[in-house]
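Notes to accompany the following structure.
In what follows, every chain begins at residue 1, and chains take the letters A, B, ... in the order their sequences are listed.
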2 protein chains.
Amino acid sequence: MTSYINKINDYIKSLDYETQNALQNISLNKHYKKGDLLLRQNEICSKSYLLINGIARKYYLNDGKEITTELYFENDLAISFDSYTLQQPSKEFIEALTDVTVSVISYQTFQEAKKNFPKLLTLDLMLTEYYGMWVENRLFQFHTMTATQRYLDILTKSPHIIQSVPLTIIASYLGISLETLSRIRAKI
Amino acid sequence: MTSYINKINDYIKSLDYETQNALQNISLNKHYKKGDLLLRQNEICSKSYLLINGIARKYYLNDGKEITTELYFENDLAISFDSYTLQQPSKEFIEALTDVTVSVISYQTFQEAKKNFPKLLTLDLMLTEYYGMWVENRLFQFHTMTATQRYLDILTKSPHIIQSVPLTIIASYLGISLETLSRIRAKI
DNA sequence: TGTATTATTTGACCTAAGTCAAATGTCGTA
DNA sequence: TACGACATTTGACTTAGGTCAAATAATACA
């Protein structure tokens with residue numbers, strides 16, 4: 001599936017000058033401080049955020065508890081998918097876990113750009129396909145793997161997560177309690 | 001999210017005659033008997049199946065056990081998403097749970113059609129967005145709900161599933177053992 | 001350097017769900 | 001209608017993971 005990221009990047013590089021330029025022109029770099037919220041619950045996700053550097057996460061509240069649904073690193077695209085797609089209020093927050101720099105494109109502007117530069121429509125489809133496969137894979141893990149297996153999977157495939165994100169957040173990302181995560185780590 | 005299905009259907013209805021016709025021309029109705037496999041593990045999912053009538057499911061094998069990942073009813077679109085998108089061998093099977101009639105479109109033909117009828121590209125994006133939201137919602141359920149809650153969710157939102165699909169399959173779809181499902185049902 | 005604050009670990013106990021085995025139900029067809 | 005093949009339930013016991021409380025790190029910064 002990493003190969004699909006490469007395919008997307010290749011596609012972007014292969015775009016004609018005009019389309020590349022259009023993308024460039026509707027993008028705007030922004031900085032956020034650690035702890036800042038890029039998106040709040042109940043707001044409509046009207047922008048997409050491409051992480052230039054730093055770390056961020058997406059989470060929602062489940063009777064008072066924060067459940068982390070996605071972690072973002074360099075080159076990851078951060079949106080609340082259903083809020084962005086349906087332009088309806090978001091259930092999720094997006095929060096900067098460190099100081100971050102992002103490249104922002106507004107939903108509306110991107111929709112317009114797709115009309116004038118049809119290749120952006122294909123890009124949109126590719127990004128959506130990628131996200132679909134990513135979520136499907138995560139669902140698969142919850143469907144069939146134990147907490148220990150899910151932790152080991154992160155440890156091997158995404159060790160940077162373990163190194164740079166507090167255990168409380170990793171635990172909620174894995175769908176287990178902080179204590180259970182601590183015990184899993186002790187056992188290994 | 002049902003509203004998004006309506007939006008997709010409206011979009012299809014609003015398509016110009018040529019595009020509608022193109023879709024029509026690349027579709028082919030096929031019949032399968034109960035128990036037939038529309039897609040086998042390790043095969044590439046080179047076709048999409050729109051259920052005209054009957055019931056089908058998608059599943060994979062997890063050390064010998066069948067794990068159902070999706071149930072299909074009338075008007076549902078059945079594919080193994082990552083196999084279809086990447087045109088790589090499928091981890092999943094698609095099986096007819098009853099006799100079914102499907103409208104089949106080949107991946108290759110559809111890719112070609114998208115070039116000549118750009119509105120099909122938008123349709124592809126909409127369908128992919130819908131699937132993304134559907135999977136996201138299912139992941140949410142596994143992330144935060146108990147088995148009983150997940151069962152009750154099906155019971156209220158999709159009672160036709162409970163009525164028409166054997167409990168063994170529903171249990172695997174819920175990610176629990178058959179015995180646990182039986183006990184949940186006894187308690188309610 | 002000391003102390004407050006936050007992050008992580010450990011202990012004791014509880015609960016949801018799994019496993020294995022056996023008992024019932026249900027249904028199609030000879 | 002009886003019998004084999006599934007489908008579903010029930011029982012007894014095990015296990016993964018949760019909860020609450022307390023004990024240690026680790027950090028930050030006055």
So how far is it from K65(B) NZ to S172(B) OG, rounded to the nearest 0.5 Å? 11.0 Å
E70(B) vs Y59(B), side-chain hydrogen bond (donor to acceptor under 3.5 Å, both in side chains): CA-CA, chis, key distance, verdict: CA-CA 7 Å; E70(B) 197 167 359; Y59(B) 71 95; over 6 Å; no
Find which nucleotide of DNA chain D each of E179(A) and T148(A) is nearest to by heavy atoms, and output the residue with the more 5' nucleotide.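 Comparing both residues, the 5'-ward one is T148(A).
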Are F142(B) and M145(A) connected in the hydrophobic side-chain network, where two residues link if heavy atoms are under 4.5 Å apart? no
For a quick check, with a 4.0 angstrom heavy-atom cut-off, what is the B/S/- contact string for nucleotides 22-30 of chain D, read 5' to 3'? ---------
Starting the side chain at C-beta, find the nucleotide from dG18(C), dA12(C), dT8(C) nearest to S177(B). dG18(C)
Sole residue of K58(B), R57(B), R138(B) in side chain to side chain contact (heavy atoms under 4.5 Å, CB included) with Y173(B):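 That would be R138(B); it is the only one of K58(B), R57(B), R138(B) passing the side chain to side chain contact (heavy atoms under 4.5 Å, CB included) with Y173(B).
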Rounded off to whole Å, could you give me the [atom1]-to-[atom2] distance for the [X] and [N] pair?
X: L167(B); N: dG25(C); atom1: CG; atom2: P; result: 16 Å
X: H143(B); N: dG17(D); atom1: NE2; atom2: P; result: 14 Å
X: L181(A); N: dA16(D); atom1: CG; atom2: P; result: 16 Å
X: R185(A); N: dA7(C); atom1: CZ; atom2: C1'; result: 11 Å
X: I184(A); N: dT15(D); atom1: CD1; atom2: P; result: 17 Å
X: L174(B); N: dT8(D); atom1: CG; atom2: P; result: 13 Å
X: I67(A); N: dG18(D); atom1: CD1; atom2: C1'; result: 13 Å
X: R183(A); N: dG18(D); atom1: CZ; atom2: C1'; result: 9 Å

Report which part of the nucleic acid L178(A) touches: base, sugar-phosphate, or nothing (heavy-atom distance under 4.0 Å, all strands). base
Please evaluate residues S3(B) and N6(B) with respect to the criterion side-chain hydrogen bond (donor to acceptor under 3.5 Å, both in side chains), reporting the C-alpha separation (whole Å), side-chain torsions for both, the decisive distance (0.1 Å), and the verdict. CA-CA 5 Å; S3(B) 68; N6(B) 294 336; over 6 Å; no
For the CD atom on Q24(A), are there more than 12 heavy atoms of other groups (residues, nucleotides or ligands in this structure) within a distance under 6.0 Å? no
Enclosure of K114(A) NZ (heavy-atom neighbours >12, cutoff 6.0 Å): yes
Would you say a side-chain N or O of T180(A) is under 4.0 Å from OP1 or OP2 of dG18(D)? yes
Would you call the rings of H143(B) and Y60(A) parallel, tilted or perpendicular if under 30° counts as parallel and over 60° as perpendicular? perpendicular
Five-pair end axes of the helix from dT1(C)-dA30(D) to dA30(C)-dT1(D) and the angle they enclose, rounded to 10°: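 Rounded to the nearest 10 degrees, the bend comes out at 30°.
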Show the numbers, then the answer: is there a side chain to side chain contact (heavy atoms under 4.5 Å, CB included) between V165(A) and F73(A)? CA-CA 11 Å; V165(A) 177; F73(A) 296 85; 4.2 Å; yes
